[in-house]
Asks: 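Before I ask anything, here is the structure I am working with.
Below, chains carry the letters A, B, ... as their sequence lines are ordered, and counting in each starts from 1.
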Protein chains: 4
Amino acid sequence: MGTSESGGMTRPSVLGRPRDSGRDLAILDATLALLTEVGYEQLSMEAVAGRSGAAKTTIYRRYPGKATLVAAAVERRAPAKPPQPAGESLREVVHSLTAWLARSISEQDVGLLGALFTGMRNDAQLAQAMRRILRRDENAMTDSLVQQAAERLAPGAATLFAEVAPALIVHRVVVVGEPCDAAFVEHLVDDILLPLLRRT
Amino acid sequence: MGTSESGGMTRPSVLGRPRDSGRDLAILDATLALLTEVGYEQLSMEAVAGRSGAAKTTIYRRYPGKATLVAAAVERRAPAKPPQPAGESLREVVHSLTAWLARSISEQDVGLLGALFTGMRNDAQLAQAMRRILRRDENAMTDSLVQQAAERLAPGAATLFAEVAPALIVHRVVVVGEPCDAAFVEHLVDDILLPLLRRT
Amino acid sequence: MGTSESGGMTRPSVLGRPRDSGRDLAILDATLALLTEVGYEQLSMEAVAGRSGAAKTTIYRRYPGKATLVAAAVERRAPAKPPQPAGESLREVVHSLTAWLARSISEQDVGLLGALFTGMRNDAQLAQAMRRILRRDENAMTDSLVQQAAERLAPGAATLFAEVAPALIVHRVVVVGEPCDAAFVEHLVDDILLPLLRRT
Amino acid sequence: MGTSESGGMTRPSVLGRPRDSGRDLAILDATLALLTEVGYEQLSMEAVAGRSGAAKTTIYRRYPGKATLVAAAVERRAPAKPPQPAGESLREVVHSLTAWLARSISEQDVGLLGALFTGMRNDAQLAQAMRRILRRDENAMTDSLVQQAAERLAPGAATLFAEVAPALIVHRVVVVGEPCDAAFVEHLVDDILLPLLRRT
DNA sequence: AAATAACCGAGACGGTACGTCAAGTCTTGAG
DNA sequence: CTCAAGACTTGACGTACCGTCTCGGTTATTT
């Protein structure tokens, strides 16, 4: 939530030469590319500068450090992609949402989780910002579920879904270390989510 | 895999002066202390050397790098503390296990998660070792649950518990960023775990 | 060479808004102040801009670089202060001139010498300009000596004085690193200058 | 006067790996080469590191900054080269010494003078060290003169020579900006030095 | 009066170098 | 062969200035 301005970028004043928005794009693009190539730890500000063609000072003028930069880059990339409208039955809706979420987390949020771990210790506010990004998708999902299957759900079921599904997917990817393939999604939907949602 | 030879320690040779086991303890103690003080990212090998009184050489002779060292330190600290025997009812057993797990993860595993993120990118084998440590507790918990409430559980319920409970606790601590207090544990037990375990 | 157009200022065009002479003063004043405060090396264009309230552009429009700027500032400050008319005897005249020169060099020219060293390597023309400033005082002194004591001097004595006195004073301040106090001036006059001037 | 250890180098301890004296030589050689090539101002620590093949940290472990480094390099190069024994007459002795000094200052000490200007402002102790180096030659010269022409000199003449000759040469090179050619040396000897030395 | 042209502040920009920190390797002397 | 100490290379850090380049806006002269 918060204002529309947030996200770590420093305020560009009115006076003086305005910031070159092309630099913004180049910096964030380079950050994203490097993030997926080498991961959060191995990503260096110097590499971002080199790849983007921007000077280090230009980056530091916008973001105070690596964590903030990565957060901004991730936020820009994933503009809360709305989960696609799904099929008929409750199972179909839940399955569709879960599969989308599994893909989304596996592909995009892993890099951000590294930034989150670093930021947690150093800057509580920054950690909060990253959590906001991470949970943006979860909230979008909640809404989507309510919209599509409101009548078939017990009250609070959507919230429960938004709590349980991302947790299990993140755990799968990070701790268990195995991919969220179709079989896992099936298991997740049939053995865990649907029982919870129906019963509640 | 799963041999008795622990996680990352390099083989000590037979000839020459034997390794000083006091150095082992000092190194791991210092690592643990620094890990909780400053977190995984800010923990430096140089600080471990300084704090433990060991030379950097002595550390690198045992562990090839920071991630391995931290893994060894964490492994030593948490010798799969057996969850304390619990009360009567199924709910009491589950609640007891969950509360113990929440405490255990919050206090101990957070540092290891940082190491896991780093290690994942750099060394798949190392990531595997860390995952093994992380899941040691989960497995111990599964066993404990089966022992204490075997007759009241559906087959596979213990496995399910070991899959869901840690996932939600980790998610709570890392992504949501709020503490696993008593209220959360209650919610977790009554709204999620018990329904799943009973029904399955 | 030796034109009336001063040291390093770029030609202001005829068309358009004329240059604000108040900016000139502010820039040179700030330069002089910083020169005496922090010395030539530590003096930065950015500090001059900040102190004078002028934009960097405004400074660079006038002077191509630090050395030129400092030269202009020093030139403005020391408008060849005429040595004060002295007493009766030859010794009184020489002593008066030497004391003035010692004060002048110690207080004013030290900063310029730093600029001179830098400029020498980078821009021979600039070095020439600085030398011109430095020797302006020496020439003025020559004239003064001739005016006041022409009949008592051998031919060429004034030139000799202008060659020897500044050299010894600069050497004293920079290389020896001790102040040009009264005792030193006495020594310089009685043991070196007067013997040379009388005999020649 | 000055222990044998001094000169800005930090104390190498007894324990641990000893400093690589090859690094010392490489660093000082590179410093000298760059000093003559580009001058004091343009000499960068990074260039010294690159040229010498030493890491920047290796340089900073030995010298706290550029001025100290240059001072050490210059000190090593000019081990108070004794002026060569000269001819017969007093004039021949003085001329020989003066010519040697003119060469010595022109070729070697100019770089150090830049370091001196910088160091003066920043570190009085460092400035003192540089002055010591600069005056080492002057003192050697005094001794040489006394040795070679003691009987023909008034008392204090050698000191006077060591005061006047370097001052005029430095002034010629730096302030006047013209070379110390044979004609200048002749002028210096015949018109200034000999009259002073004979009369005193 | 309008157009033109230079001025001025502010500050973004690509660079270069700074001085520091930590990583991981290597080299001593002592045990 | 181990250990403590510390030198060494490498690479990145975040900062300071450099000199150049837009911006919006302000005087002046020229049409």
Asks: Check side-chain contact (heavy atoms from CB on, under 4.5 Å) between C:R61 and all other residues, then give those that pass, not counting sequence neighbours.
Replies: C:R19, C:T57, C:T58

Asks: Distance check needed: F:dT15 P versus A:I59 CD1, whole Å only.
Replies: 13 Å

Asks: Specify the separation, in whole Å, of atom CG of C:L34 and atom P of F:dC17.
Replies: 11 Å

Asks: May I ask you to decide if B:I27's main-chain N or O and B:T31's side chain share a donor-acceptor pair within less than 3.5 Å?
Replies: yes

Asks: Indicate yes or no for a side-chain donor-acceptor contact from B:S44 to the backbone of B:A47 under 3.5 Å, with no hydrogens or angles considered.
Replies: yes

Asks: Which pairs, protein N/O on one side and nucleotides 29-31 of chain F N/O on the other, fall under 3.5 Å?
Replies:
none

Asks: If we only count heavy atoms from C-beta on, is the B:L28 to B:R23 side-chain gap below 4.5 Å?
Replies: no

Asks: Mind checking side-chain contact (heavy atoms from CB on, under 4.5 Å) for A:K66 and listing every partner two or more places apart, or none if nothing turns up?
Replies: A:Y40, A:L43, A:M45, A:V70

Asks: Hey, does the side chain of C:S52 reach the backbone of C:V48 with a donor-acceptor pair shorter than 3.5 angstrom?
Replies: yes

Asks: Mind grabbing the angle between the end helix axes of the helix from E:dA1-F:dT31 to E:dG31-F:dC1? Five pairs an end, 10° rounding.
Replies: 20°

Asks: So which protein nitrogen or oxygen atoms get under 3.5 Å of nucleotides 13-21 of chain E's nitrogens or oxygens?
Replies:
| unit_1 | atom_1 | unit_2 | atom_2 | d |
| --- | --- | --- | --- | --- |
| E:dC13 | OP1 | A:D20 | N | 2.6 |
| E:dC13 | OP1 | A:R62 | NH2 | 3.0 |
| E:dC13 | OP2 | A:R61 | NH1 | 3.4 |
| E:dC13 | OP2 | A:R62 | NH1 | 2.4 |
| E:dC13 | OP2 | A:R62 | NH2 | 3.3 |
| E:dG14 | OP1 | A:R23 | NH1 | 3.1 |
| E:dG14 | OP2 | A:A55 | N | 3.1 |
| E:dG14 | OP2 | A:T58 | OG1 | 2.6 |
| E:dG15 | O6 | A:T57 | OG1 | 3.3 |
| E:dC18 | OP1 | D:M45 | N | 2.6 |
| E:dC18 | OP2 | D:M45 | N | 3.0 |
| E:dC18 | OP2 | D:E46 | N | 2.8 |
| E:dG19 | OP2 | D:Y60 | OH | 2.2 |
| E:dG19 | O5' | D:Y60 | OH | 3.3 |
| E:dG19 | N7 | D:K56 | NZ | 3.1 |
| E:dG19 | O6 | D:K56 | NZ | 2.9 |

Asks: What is the distance, to the nearest angstrom, from the CD1 atom on A:I27 to the P atom on E:dA12?
Replies: 12 Å

Asks: Is the shortest side-chain heavy-atom distance between A:E75 and A:M130 below 4.5 Å?
Replies: no

Asks: Of all residues at least two apart in sequence or in a different chain, which pass the side-chain contact (heavy atoms from CB on, under 4.5 Å) check with A:R17?
Replies: none

Asks: Is a donor on one side and an acceptor on the other found under 3.5 Å between the side chain of C:T10 and the backbone of C:R62?
Replies: yes

Asks: Can you find a heavy atom in the side chain of D:D29 that is under 4.5 Å from one in the side chain of D:R76?
Replies: yes

